[in-house]
Amino acid sequence: FTELGGSSLNTKFRHLGHGVKQELELDIAIDDLNADKKRWLLDYNNEAKINAQLTSSIDVKRISDFELLDDYNLAHEGTEKTSIISKAKLNYQGKTPILNTASLAIISRQNGGSGVPAYNQFPHASLTGGSVINQNQKAISTNYLVDLTHFTRDTEGLTGSKKITGIRTHSVPSFSTSWVTSYSFIKPKISIPITYYELNDTPSNISSSETRIIPQFEINSGLLFERSLSSGYLQTLEPRLYFAFSAYEYQDDLANFDSSVNNKPLYVPNRFNGFDRIGDTNRVTTGLDSQFLNPKGWQKAKLSLSQIHYLSDRKVQLTNESYITEDLSPIYGAMDYNFSRKWTSNLSVTWSPDFKSVNSTSANMKYQPSNRKVIDFKYTEINEGSQQAEASLMWPIAPQWTLVAKRKEDIRNQQLQDEIVGVRYANCCWQASLVNRYWLVDQVKGIEHGIFFELSLKGLGQTNKQLTPGKKVSM
């Protein structure tokens with residue numbers, strides 16, 4: 001029950017059989033105070049093992065309206081606010097390296113809002129495999145990836161590049177080898193991405209039929225130093241050097257179905273996600289890790305630093321933007337420190353050499369003596385942006401009763417983001433939870449208040465609303 005929205009019912013069914021697992025989740029608005037229509041969400045998942053090499057999966061998700069996700073605080077990915085994916089997929093696991101994996105999928109999207117609809121993929125097929133040659137001397141690994149996708153969507157009312165549909169075939173043969181010792185490694189690799197487009201409804205500046213070939217070269221290398229400390233710990237020092245190069249090729253005449261910028265391409269050759277853009281690259285990544293290990297190999301602490309050094313400007317962009325000319329990326333620093341096996345902490349800092357200031361900071365400290373006992377603190381800050389703190393708790397107050405609580409606050413604006421207080425009762429066969437919650441919907445709607453009750457039969461299913469970052473702790 002929520003004060004501004006009304007009452008709703010969430011239920012999940014699960015079936016386990018020989019080689020098959022199915023789940024069906026339904027969210028139904030019983031008494032919505034803000035709508036005169038039926039509001040619902042359906043999520044069905046099926047995983048099956050057909051034989052030793054063949055498996056299948058079906059994921060069907062549909063929703064009455066996209067505002068339902070926020071109005072009823074339903075768990076969802078950020079991209080699902082505008083597009084929800086349903087997928088049917090068949091997977092093959094090969095018996096030989098030549099054909100390692102194969103898959104055939106149909107991906108459909110339910111689009112919301114008045115924006116440009118996302119692409120369906122009817123179908124999406126992929127193959128991977130490889131082999132090792134010259135095994136008697138220096139072994140060379142040869143691998144390949146083939147990805148074929150037919151992109152379609154409703155183009156009514158669309159113009160320009162938004163109206164494009166068609167087929168993209170992307171294949172990547174690669175050749176790699178390695179020199180590895182107990183204290184060093186050098187791993188060179190050559191990849192040759194080949195992308196072919198056969199498109200419909202292209203504007204004058206986009207080619208309807210085009211082939212792009214841009215070789216990529218990379219070398220990943222590192223050293224390992226160790227020393228024993230007087231305290232009995234072993235300290236490692238692990239410098240790492242990574243080089244990537246690919247030549248510039250004009251790509252503004254190619255369609256862009258799914259490429260996006262990778263803001264942290266430390267040890268990968270392409271600074272774009274997806275296959276539609278291959279960035280011109282001439283850069284070196286330097287990294288340094290140091291671990292502190294006890295005699296049994298338990299990690300007490302780990303320190304990491306990394307930075308990208310660009311040797312040339314970056315000309316390829318997603319849109320008609322100017323070249324990127326910075327010589328250095330931010331410095332990425334991270335530290336993990338374990339006070340004990342129960343007390344853990346981590347700190348991440350991004351520092352800008354151009355502005356001589358910290359771009360972002362995140363810190364986390366967790367005390368978890370058991371799965372039912374968790375205290376978690378988290379702090380995040382972005383320069384000239386958000387500054388948030390969060391504390392969460394799960395703690396038994398009686399043999400079968402557990403207290404759960406969380407508070408998240410925007411420190412910079414002194415505004416509550418989320419507050420949860422509740423109890424859970426559990427015995428051998430079932431459990432029930434009752435939670436009181438306040439959360440910020442948005443700046444217009446303000447704070448919403450809700451009361452949530454959950455009843456689950458153990459072994460059959462439960463909801464997955466996360467209270468703490470711990471993988472084993474959910475509610």
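In what follows, residues are counted from 1 in the order of the sequence shown.
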Ignoring hydrogens and angles, state whether a donor on the side chain of Gln387 or Tyr379 is under 3.5 Å from an acceptor on the partner side chain. yes
Under a 3.5 Å threshold, yes or no: a donor from one side chain and an acceptor from the other, between Ser207 and Arg212? no
Under the side-chain contact (heavy atoms from CB on, under 4.5 Å) rule, what do Ile213 and Ile192 come out as? Steps first, then yes or no, please. CA-CA 7 Å; Ile213 304 175; Ile192 309 174; 3.8 Å; yes
Minimum side-chain heavy-atom gap Phe245-Thr281 below 4.5 Å: no
Any carboxylate oxygen within less than 4.0 angstrom of a Lys/Arg side-chain nitrogen, looking at Arg407 and Glu409? yes
Sub-4.5 Å side-chain heavy-atom contact between Ile133 and Thr142: yes
Backbone N or O of Leu254 within a donor-acceptor pair of the Arg277 side chain at under 3.5 Å? yes
Quick one, Ser329 with Tyr310, criterion side-chain contact (heavy atoms from CB on, under 4.5 Å). Give me CA distance, side-chain angles, the key distance, then yes/no. CA-CA 8 Å; Ser329 77; Tyr310 295 100; 4.2 Å; yes
Quick check on Lys138: does its NZ atom have over 12 non-hydrogen neighbours (other residues, nucleotides or ligands) under 6.0 Å away? yes
Look at the rings of Phe275 and His170 and say which category their plane angle falls in: under 30° parallel, 30 to 60° tilted, over 60° perpendicular. parallel
Provide the full list of salt bridge (Lys or Arg N to Asp or Glu O under 4.0 Å) pairs with a residue in residues 284-305, sequence neighbours left out, each pair given once. none
Side chain Gln251, main chain Glu249, donor-acceptor under 3.5 Å: yes
Any residue meeting salt bridge (Lys or Arg N to Asp or Glu O under 4.0 Å) with Lys187, in chain and number order, not counting sequence neighbours: none
Is it true that the side chains of Gln388 and Ser386 contain a donor and an acceptor less than 3.5 Å apart? no
Mind listing the closest non-hydrogen atom pair of Ile206 and Ala255 along with its distance? CG2-N, 4.0 Å
Would you say that Gln121 contacts Phe151 through its side chain, given a criterion of any heavy-atom pair below 4.5 Å between the two side chains? yes
Shortest non-hydrogen contact from Pro330 toward Gln307: O-CG, 3.8 Å
Would you say that Asp147 contacts His124 through its side chain, given a criterion of any heavy-atom pair below 4.5 Å between the two side chains? yes
Output for pair (Ile324 CD1, Arg271 CZ), nearest 0.5 Å, gives 5.5 Å
For the CG atom of Asn273 and the OG atom of Ser259, what is their distance to the nearest 0.5 Å? 7.5 Å
Determine, for Asp201 against Lys162, whether the closest basic-nitrogen to carboxylate-oxygen distance falls under 4.0 angstrom. no
Separation of Ser246 OG from Glu218 CD (nearest 0.5 Å): 10.0 Å
Within the structure provided, determine whether Val60 and Ser108 are in side-chain contact (heavy-atom separation under 4.5 Å). no
Where Ala389 and Ile411 come nearest, the two heavy atoms and their spacing: CB-CD1, 3.5 Å
Given Asn100, which of Leu145, Asn143, Thr128, Leu127 fulfils the side-chain contact (heavy atoms from CB on, under 4.5 Å) condition? Thr128
Gap separating the OG atom of Ser340 from the CH2 atom of Trp298, nearest 0.5 angstrom: 6.5 Å
Go through the steps for Met365 and Trp343 under the test side-chain contact (heavy atoms from CB on, under 4.5 Å), then give the verdict. CA-CA 7 Å; Met365 181 176 291; Trp343 271 107; 3.5 Å; yes
Please step through side chain to side chain donor-acceptor pair (under 3.5 Å) for the pair Thr152 and Thr165, ending with a clear verdict. CA-CA 5 Å; Thr152 67; Thr165 60; over 6 Å; no
Full working for side chain to side chain donor-acceptor pair (under 3.5 Å) between Glu47 and Thr55: CA-CA 8 Å; Glu47 297 179 8; Thr55 61; over 6 Å; no
Side-chain heavy atoms of Phe257 within contact of Leu199, under 4.5 Å: yes
Should Val358 and Val349 count as side-chain neighbours, where that means a heavy-atom distance under 4.5 Å? yes
Minimum heavy-atom distance between Arg283 and Pro269, given as atom pair plus value: NH2-O, 3.2 Å
When rounded to the nearest 0.5 angstrom, what is the spacing between CG in Asn359 and OG1 in Thr350? 6.5 Å
Given the options Ile278, Val316, Asn256, Phe272 meets side-chain contact (heavy atoms from CB on, under 4.5 Å) only with Val316
Please check: side-chain N/O of Thr344 versus main-chain N/O of Asn338, any donor-acceptor pairing under 3.5 Å? no
Rounded to the nearest 0.5 Å, what's the gap from CG on Asp59 to CG on Asn45? Could you check? 4.5 Å
Keeping Ser86 on the side-chain end and Lys61 on the backbone end, is there a donor-acceptor pair under 3.5 Å? yes
With heavy-atom distances below 4.5 Å as the criterion, would you say the side chains of Ser312 and Tyr248 are in contact? no
Within a reach of under 6.0 Å around CZ of Phe355, are more than 12 heavy atoms found that belong to other residues, nucleotides or ligands? no
Check whether Asp376 reaches the backbone of Lys366 with its side chain - one donor and one acceptor, N or O, closer than 3.5 Å. no
Can you check whether Leu347's main-chain N or O pairs, donor with acceptor, with Asn364's side chain at less than 3.5 Å? no
How close do Leu223 and Ser184 get, heavy atom to heavy atom, and via which atoms? CD2-CB, 3.5 Å
Thr155 side chain to Lys163 backbone, donor-acceptor under 3.5 Å: no
Should we say atom CG of Leu158 is surrounded by more than 12 heavy atoms from elsewhere, each under 6.0 Å from it? yes
Is a donor on one side and an acceptor on the other found under 3.5 Å between the side chain of Ser83 and the backbone of Arg109? no
Considering all heavy atoms, the nearest Leu416-Lys408 contact: CD1-O, 3.7 Å
Do Arg153's NZ or CZ and the ring of Tyr119 fall within the cation-pi criteria of under 6.0 Å and 45°? yes
Say whether, by atom type as modelled, one donor and one acceptor occur between the side chain of Gln415 and the main chain of Arg412 under 3.5 angstrom. no
Please test Thr202 against Tyr197 for side-chain contact (heavy atoms from CB on, under 4.5 Å), starting from the C-alpha separation and ending with a verdict. CA-CA 11 Å; Thr202 56; Tyr197 294 89; over 6 Å; no
Look only at the side chain of Gln110 and the backbone of Ile63, and say whether a donor-acceptor pair between them is shorter than 3.5 Å. yes
